[in-house]
Amino acid sequence: VPRLGWSSSLCYSGGRGGRLFLFFPPGGGLADFAYTQSWVSPTEDDAVMITELEFGYGLTERLRLATDVEWQFAPGATDSRLGIGMEWML
């Protein structure tokens with residue numbers, strides 16, 4: 001039976017919030033998805049917003065495929081980043 005769980009995290013003083021979702025597929029393994037939003041100088045005119053999406057899937061008991069995408073939005077400029085990696089658990 002597939003199972004789904006989630007966790008929320010908000011930090012109002014630091015301008016950061018997000019959610020973590022965990023999914024247990026019926027065949028075993030673990031998949032996760034995280035969404036985080038951050039603000040740097042949220043009350044200033046030059047505020048920067050950072051949005052992050054992270055995906056991961058356990059291929060085996062010790063090997064995990066991980067990806068993350070990040071967007072930065074500032075007045076007059078934007079930037080993005082994509083990361084893909086394999087994680088080996090000891």
Side-chain angles (χ1 to χ4, degrees):
V1 175
R3 295 176 190 231
L4 176 68
W6 65 89
S7 173
S8 294
S9 171
L10 294 175
C11 178
Y12 294 106
S13 62
R16 185 173 177 90
R19 290 197 183 274
L20 170 66
F21 297 90
L22 299 174
F23 179 67
F24 300 92
L30 173 68
D32 60 90
F33 166 75
Y35 167 80
T36 307
Q37 195 133 25
S38 305
W39 293 268
V40 179
S41 301
T43 59
E44 303 293 325
D45 291 336
D46 59 347
V48 176
M49 181 178 73
I50 302 169
T51 302
E52 297 174 81
L53 295 176
E54 300 174 20
F55 304 91
Y57 183 76
L59 300 172
T60 68
E61 195 173 300
R62 295 184 180 261
L63 187 62
R64 181 176 180 267
L65 175 64
T67 61
D68 64 288
V69 182
E70 178 181 289
W71 294 275
Q72 295 182 8
F73 303 97
T78 60
D79 194 11
S80 60
R81 179 182 62 81
L82 171 66
I84 301 172
M86 297 291 282
E87 299 176 356
W88 179 261
M89 315 293 178
L90 297 176

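Both backbone and side-chain heavy atoms feed into the values below; hydrogens, waters and symmetry mates do not. All values reported here derive from a predicted model rather than from experimental measurement.
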Practice item. Please round to the nearest 0.5 Å and tell me the distance separating atom CG of Asp68 and atom CG of Leu82. Key: 7.0 Å
Practice item. Determine whether Ile50 and Trp39 make a side-chain contact, defined as any pair of heavy atoms from C-beta on separated by less than 4.5 Å. Key: no
**Study point:** Listed partners of Ala74 passing side chain to side chain contact (heavy atoms under 4.5 Å, CB included), at least two apart
**Key:** Val48
Point to revise | Any residue meeting side-chain hydrogen bond (donor to acceptor under 3.5 Å, both in side chains) with Asp79, in chain and number order, not counting sequence neighbours | key: none
Exercise for review: Could you please spell out the steps behind the side-chain contact (heavy atoms from CB on, under 4.5 Å) verdict for Tyr35 and Thr51?
Suggested key: CA-CA 8 Å; Tyr35 167 80; Thr51 302; 3.9 Å; yes
Practice item. Dump the intermediate steps for side-chain contact (heavy atoms from CB on, under 4.5 Å) on Thr78 and Gln72, then the final yes or no. Key: CA-CA 6 Å; Thr78 60; Gln72 295 182 8; over 6 Å; no
Study note, to complete from the structure: The complete set of salt bridge (charged side-chain N to carboxylate O under 4.0 Å, His left out) pairs with one or both residues in residues 52-63, sequence neighbours excluded, reads Arg16-Glu52
**Study point:** Non-hydrogen atoms of Ala47 and Pro75 that approach each other most closely
**Key:** O-CD, 3.2 Å
Check your understanding: Same cluster for Leu63 and Met89 if Ile/Leu/Val/Met/Phe/Trp/Tyr side chains link at under 4.5 Å?
Key -> no
**Study point:** Heavy-atom closest pair, residues Gly56 and Arg64
**Key:** CA-NH2, 3.5 Å
Practice item. State, yes or no, whether a side-chain contact exists between Met86 and Leu65 at a heavy-atom distance under 4.5 Å. Key: yes
Practice item. With sequence neighbours left out, write down each residue that passes side-chain hydrogen bond (donor to acceptor under 3.5 Å, both in side chains) with Thr67, or none if nothing qualifies. Key: none
Study note, to complete from the structure: Residues passing the ring pair (Phe, Tyr, Trp, His ring centres under 6.0 Å) test with Phe33, sequence neighbours excluded, are Phe21, Phe55
